[in-house]
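Note that ligands are numbered from 1 as they come in the structure, with each ligand's atoms numbered from 1 the same way.
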Amino acid sequence: MNEQKIALYTGPAGGWGALNSVKNALLRQDIPLKGAKTLLSANQPDGFDCPGCAWPDRHHASTFEFCENGVKAVAAEATARRAGPELFERHTVSELARQSDFWLEDQGRLTHPMVYDGVLDRYRPIGWDAAFALIASHLDALPDPNQAMFYTSGRASNEAAFLYQLFVREYGTNNFPDCSNMCHEPSGNGMRPQIGVGKGTVTLDDFELADAIFIFGQNPGTNHPRMLGELRAASKRGARIVSFNPLRERGLERFQDPQSKMEMATLGSTPISSHYFQLRGGGDLAAVKGMMKRLLERHDAGEQALLDHAFIAEHTVGFQALADDLRAESWDLITEECGLTREQIHTAADLYAGAKNTIVCWGMGITQHQHAVATIQMLVNLLLMRGNIGRPGAGACPVRGHSNVQGDRTMGIWEKPPAALLDRLRQVFGFEPPRQNGVDTVEAIQLMREGKGKVFFALGGNFAAATPDTHETWKALRQCDLTVHVATKLNRSHVVHGREALILPCLGRTEIDVQATGPQGVTVEDSMSMVHLSLGINPPASEHLLSEPAIVARLAAATLGRRSRTPWLWLIEDYARIRDQIEAVFDDFKDFNARVAVPGGFRLRNTASERVWDTPARKATFFPHPVPRDTPVHRARRSMQARQRDTLVFSLLTTRSHDQYNTTIYGMDDRYRGVFGQRRVVFIHAEDLRALGLADGDWVDLHTVWDDDQHRRADRFRLVAYDIPRGCLAAYYPETNPLVPLSATAIAAGTPTSKAIPVRLTPHLEP
Ligand SMILES: Nc1nc2c(c(=O)[nH]1)N[C@H]1C(S)=C(S)[C@@H](COP(=O)(O)OP(=O)(O)OC[C@H]3O[C@@H](n4cnc5c(=O)[nH]c(N)nc54)[C@H](O)[C@@H]3O)O[C@H]1N2
Ligand SMILES: Nc1nc2c(c(=O)[nH]1)N[C@H]1C(S)=C(S)[C@@H](COP(=O)(O)OP(=O)(O)OC[C@H]3O[C@@H](n4cnc5c(=O)[nH]c(N)nc54)[C@H](O)[C@@H]3O)O[C@H]1N2
Ligand SMILES: [Mo]
């Protein structure tokens with residue numbers, strides 16, 4: 001483990017630092033350097049889809065796209081370490097529960113299905129049939145199928161997800177909490193009523209034609225490193241790259257391409273952002289509103305060509321209401337709420353006005369806020385004003401997280417299923433699907449807390465660590481009759497369990513999946529709606545693993561038995577049969593097997609990118625929104641001021657370090673932010689430190705300011721003076737999830753507002 005230190009990082013993103021980190025990642029997982037074969041197969045025509053992020057690649061082309069964090073994701077799965085029955089014999093579950101998240105995953109790949117033995121407080125091996133029978137008996141015994149919940153994390157393939165939603169609906173519920181509820185839910189909910197699709201409208205080709213790329217609340221250097229390749233090329237072409245972020249993220253500033261011999265040899269690098277706006281957290285809606293107001297002011301002063309009048313007239317509704325609202329908005333309110341000056345906002349607007357083709361990208365810095373849906377609609381308004389949707393080089397680009405989170409939703413993992421999907425399922429599979437909406441992630445926790453959620457099943461992920469209000473959530477999970485986790489590695493969710501519990505180990509995407517008719521491929525959909533095949537190449541981590549489709553199908557057969565007309569076990573003999581069923585349900589998947597056999601796969605239809613508007617008005621729709629002044633942070637500041645005048649309330653954003661994949665901690669460094677050997681740090685402005693009478697390096701406890709009587713706290717964080725706006729703090733997730741109240745969710749999306757938690761700091765007193 002690295003020594004704990006804070007040291008300013010002056011290099012570019014990527015480069016030798018990335019290569020060095022890759023070597024260490026392989027060593028850590030005991031993968032010999034010949035393991036590089038695995039890595040070279042990521043995103044290749046006959047290889048597997050990288051289980052890292054959902055950023056697309058150039059059509060699974062034959063060039064190897066180097067990605068440091070992709071390598072870490074692959075190495076984590078291809079690790080030589082094993083968490084077999086001996087591990088569970090050595091440790092009671094209470095002992096395991098005392099270990100860190102890092103330690104749990106570090107034990108390696110799970111090898112056997114395990115069942116919890118309450119008398120011994122240990123997991124012990126169980127046969128697959130017995131495991132399925134146990135789950136089936138619980139599901140069967142529930143008086144109401146809505147007492148069961150079926151979580152999905154976004155790594156599940158289309159085939160697994162399709163079978164899963166089919167099984168669960170035939171069982172009788174739409175209770176599909178998923179990681180998307182904590183992630184890009186507001187993007188879909190914002191865009192659907194506005195442009196008729198809930199997905200991004202651009203492809204990689206558009207990145208080659210864009211004159212300006214705006215990036216809001218996203219950290220590609222860490223979370224989508226392959227995106228830096230596109231940004232580097234755009235920057236070299238002279239495109240403007242404009243970033244909005246409270247933190248100065250290194251990957252948004254400068255990049256040394258490990259594949260450029262020249263840059264590597266000369267230690268050169270390419271600047272990424274031409275402009276960087278370090279706005280206040282949660283200030284994006286105000287900033288974008290200011291940009292639109294500026295455009296309109298220039299327009300009103302006579303620059304008529306700034307707006308795309310022909311597009312607005314032919315393709316949109318609602319422009320007049322937006323324009324009225326913009327004209328009436330106060331500049332003082334805008335600048336106060338976003339923390340940027342009027343001149344800065346003018347500059348941003350003028351950059352936008354000067355670009356023919358613009359792409360707007362966004363990530364969790366936009367979606368994990370109370371007003372996320374409204375903010376996303378403002379971003380789309382901005383694009384629509386200049387006709388920047390539905391033509392080459394322009395469009396909306398919500399950058400998804402998990403490698404198949406978008407595909408899972410396409411396959412019907414959705415707690416609010418459209419009626420048309422249910423009608424189709426009834427027609428194709430001959431059962432009556434439940435019509436009542438199910439619970440999302442936060443609602444699932446509430447259901448368990450109220451004792452109305454009894455069986456919790458998870459297809460991947462780490463629910464106990466990824467979700468908010470950790471202590472409440474753990475209580476809720478422990479109240480369940482049965483918790484089941486399909487997983488590759490041991491994690492927190494397996495040791496925070498129900499009265500009965502199962503761990504079902506599965507194949508990872510890098511592994512060869514052999515079924516009755518031979519090796520199988522699965523399909524995934526990336527962030528730009530490209531669907532392609534993924535073929536594992538490594539031998540399975542253990543002979544006892546089942547594939548995710550096989551687990552779902554065998555569970556369905558055990559639970560539904562003769563009730564179901566679906567030939568579950570026949571379907572998994574050959575995944576092409578599952579794809580035929582997908583084709584039967586979704587028109588967009590016509591000739592699925594043939595089209596996905598082509599290297600690179602195919603793109604799903606995106607109506608908005610053709611300027612076909614599948615909205616209630618049959619047009620793209622402008623939605624005006626007020627600048628928010630009623631967020632929990634605003635309220636907390638007002639109430640604290642009333643009570644204790646000198647207590648500072650901060651807005652805490654929780655984010656990812658460079659060495660983690662969501663709840664999986666690969667290592668203790670965050671290289672680009674200069675943090676080494678530790679994770680319990682809080683970034684804070686030097687002036688705020690002074691105002692608190694504290695110093696860089698001091699230890700503090702964090703307390704949520706919330707209007708209920710629960711005391712939410714997270715203890716012992718080290719203060720790090722940092723280039724961050726005053727009043728804002730940043731710290732890593734998941735350690736900070738105990739601070740996020742369950743009731744802190746985005747309006748019209750239910751997403752936990754993990755980027756704006758009102759907190760106060762107190763000095764940490766050593767016991
Ligand atoms: N290596 C790696 N890759 C990953 C993941 C991982 O954990 N590790 N996770 C995957 C998943 S599931 C997802 S969803 C994505 C996440 O990828 P990102 O969307 O990049 O997620 P975060 O790390 O949470 O970072 C959000 C960024 O938003 C900024 N930010 C915070 N608050 C605000 C705000 O109010 N306004 C603005 N403008 N910016 C703000 C933060 O400073 C940070 O730079 O990455 C995916 N890829
Ligand atoms: N405070 C705060 N909370 C957040 C966020 C934040 O920014 N701040 N981000 C949110 C976001 S964007 C997301 S997407 C969620 C993530 O929530 P999840 O998707 O639930 O969490 P992960 O950490 O990605 O899940 C990791 C686990 O997945 C399992 N796994 C890995 N590969 C496979 C596989 O191929 N199959 C199966 N079955 N299991 C596998 C492993 O056992 C591993 O332990 O967290 C959310 N929570
Ligand atoms: Mo995510």
Side-chain angles (χ1 to χ4, degrees), residues 51-55 67-70 72-73 76-77 101 104-105 110 151-157 160 178-184 215-225 243-249 251-252 277 279-284 287 362-369 375 399-403 405 441 458-468 485-494 503-511 548 551 651 653-664 666 724 728 730-737 739-740 751-752 754-757:
C53 69
W55 186 255
C67 169
E68 173 193 350
N69 281 350
K72 288 187 204 156
E77 188 170 299
D101 291 336
L104 292 174
E105 293 239 10
L110 294 159
Y151 178 69
T152 314
S153 168
R155 269 201 201 176
S157 64
D178 70 349
C179 69
S180 186
N181 297 145
M182 297 182 270
C183 187
H184 267 290
I215 304 172
F216 288 88
Q218 197 213 334
N219 183 21
T222 286
N223 298 316
H224 305 89
S243 294
F244 287 79
N245 201 309
L247 304 181
R248 291 196 74 91
E249 305 286 25
L252 291 168
F277 296 105
L279 81 179
R280 194 171 283 154
D284 301 83
W362 69 89
M364 295 301 103
I366 293 298
T367 64
Q368 295 174 337
H369 281 288
T375 307
V399 183
R400 306 273 158 178
H402 268 299
S403 51
V405 62
T441 291
L459 187 63
N462 186 0
F463 192 88
T467 51
H485 289 275
V486 179
T488 49
K489 292 224 179 150
L490 187 62
N491 68 36
R492 184 65 48 199
S493 302
H494 310 150
I503 306 174
L504 306 180
C506 66
L507 291 172
R509 204 184 281 167
T510 55
E511 290 166 329
E548 290 180 315
I551 290 173
S651 181
L653 71 87
T654 62
T655 190
R656 293 152 172 79
S657 81
H658 196 62
D659 275 0
Q660 74 182 85
Y661 194 93
N662 297 337
T663 68
T664 302
Y666 301 135
I724 183 171
C728 297
Y732 303 126
Y733 125 83
E735 289 84 344
T736 42
N737 262 336
L739 296 167
V740 185
T751 306
S754 323
K755 293 291 185 272
I757 304 304

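For atom 1 (N) of ligand 2, the closest non-hydrogen atom of the protein is N737 OD1, 2.8 Å. In this structure, atom 38 (N) of ligand 1 lies nearest to the protein heavy atom D284 OD2, 2.7 Å. The protein atom (non-hydrogen) at minimum distance from atom 23 (O) of ligand 2 is T663 OG1, 2.6 Å. The protein atom (non-hydrogen) at minimum distance from atom 44 (O) of ligand 1 is E249 OE2, 2.6 Å. Regarding atom 18 (P) of ligand 2, its nearest protein heavy-atom neighbour is Y151 OH, 3.5 Å. Nearest non-hydrogen protein atom to atom 21 (O) of ligand 2 is N462 N, 3.6 Å. For atom 42 (O) of ligand 1, the nearest protein heavy atom (residue, atom name, distance) is N245 OD1, 2.7 Å. Given atom 10 (C) of ligand 1, the protein heavy atom at minimum distance is Y661 OH, 3.6 Å. Protein heavy atom at the shortest distance from atom 30 (N) of ligand 1 is G365 CA, 3.6 Å. Closest protein heavy atom to atom 47 (N) of ligand 2: A466 O, 2.8 Å. Closest protein heavy atom to atom 40 (C) of ligand 2: T488 OG1, 3.5 Å. For atom 32 (N) of ligand 2, the closest heavy atom belonging to the protein is R155 NH1, 2.9 Å. Of all protein heavy atoms, the one closest to atom 2 (C) of ligand 2 is Y733 CD1, 3.2 Å. Residue, atom and distance of the protein heavy atom nearest to atom 17 (O) of ligand 1 are N223 ND2, 3.2 Å. In this structure, atom 11 (C) of ligand 1 lies nearest to the protein heavy atom G401 CA, 3.2 Å. At the top of the distance list for atom 35 (O) of ligand 1, counting protein heavy atoms only, stands G282 N, 2.6 Å.
Those atoms of ligand 1 that come under 4.0 Å of a heavy atom in C183, given as number and element, are 14 (S). Taking a cut-off of under 4.0 Å to the non-hydrogen atoms of S754, the atoms of ligand 2 that pass are 1 (N), 2 (C), 3 (N), 8 (N). Within ligand 1, counting atoms from 1 as listed, the ones closer than 4.0 Å to a heavy atom of N69 are 1 (N). Close approach of ligand 2 to A487 (heavy-atom distance below 4.0 Å) involves ligand atoms 38 (N), 39 (N), 42 (O). Interface atoms of ligand 1 facing H402, defined by a heavy-atom separation under 4.0 Å, are 12 (S). Those atoms of ligand 2 with a heavy atom of M364 less than 4.0 angstrom away are 12 (S). Close approach of ligand 2 to G460 is summarised as follows: ligand atoms under 4.0 Å from at least one heavy atom of the residue are 37 (C), 38 (N), 39 (N). Close approach of ligand 2 to C506 is summarised as follows: ligand atoms under 4.0 Å from at least one heavy atom of the residue are 36 (N), 37 (C), 38 (N).
Of all the heavy atoms of L279, the ones lying under 4.0 Å from any atom of ligand 1 belong exclusively to the side chain. Neither the backbone nor the side chain of K72 comes within 4.0 Å of ligand 1, counting heavy atoms alone. Residue-level proximity to ligand 1 for N219 is carried by backbone and side chain together, each with a heavy atom below 4.0 angstrom. Under 4.0 angstrom from ligand 1, the non-hydrogen atoms of L653 all belong to its side chain.
Between E77 and ligand 2, not a single N/O pair is under 3.5 Å apart. Geometrically, ligand 2 and H494 share no nitrogen or oxygen pair separated by less than 3.5 Å. Note: no N/O pair closer than 3.5 Å links C179 and ligand 2 by distance alone. The shortest N or O to N or O distance between G461 and ligand 2 is under 3.5 Å.
Checking T654, I551, N662 against atom 22 (P) of ligand 2, the nearest heavy atom belongs to N662. Nearest to atom 16 (C) of ligand 1 by heavy-atom distance, out of R656, H369, Q660, is R656.
A salt bridge is absent between E105 and R492: the closest approach of a Lys/Arg side-chain nitrogen to an acidic carboxylate oxygen does not fall below 4.0 angstrom.
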Practice item. Run the numbers on H658 and Y732 for ring-ring contact (aromatic ring centres under 6.0 Å, His included), then give the verdict. Key: CA-CA 10 Å; H658 196 62; Y732 303 126; over 10 Å; no
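Taking the six-membered ring for Trp and the full ring otherwise, H402 and Y661 have centroids separated by under 6.0 Å.
With T654 as the partner, the side-chain contact (heavy atoms from CB on, under 4.5 Å) test is satisfied by one option alone out of S754, P468, P734, P752: S754.
A side-chain N or O of S493 and one of N462 form a donor-acceptor pair less than 3.5 Å apart. Using modelled atom types, one finds no donor on one side chain facing an acceptor on the other under 3.5 Å when comparing R656 with N219.
Under a 4.0 Å heavy-atom criterion, K755 is in contact with ligand 2.
A donor-acceptor contact shorter than 3.5 Å links the side chain of D178 to the backbone of N181.
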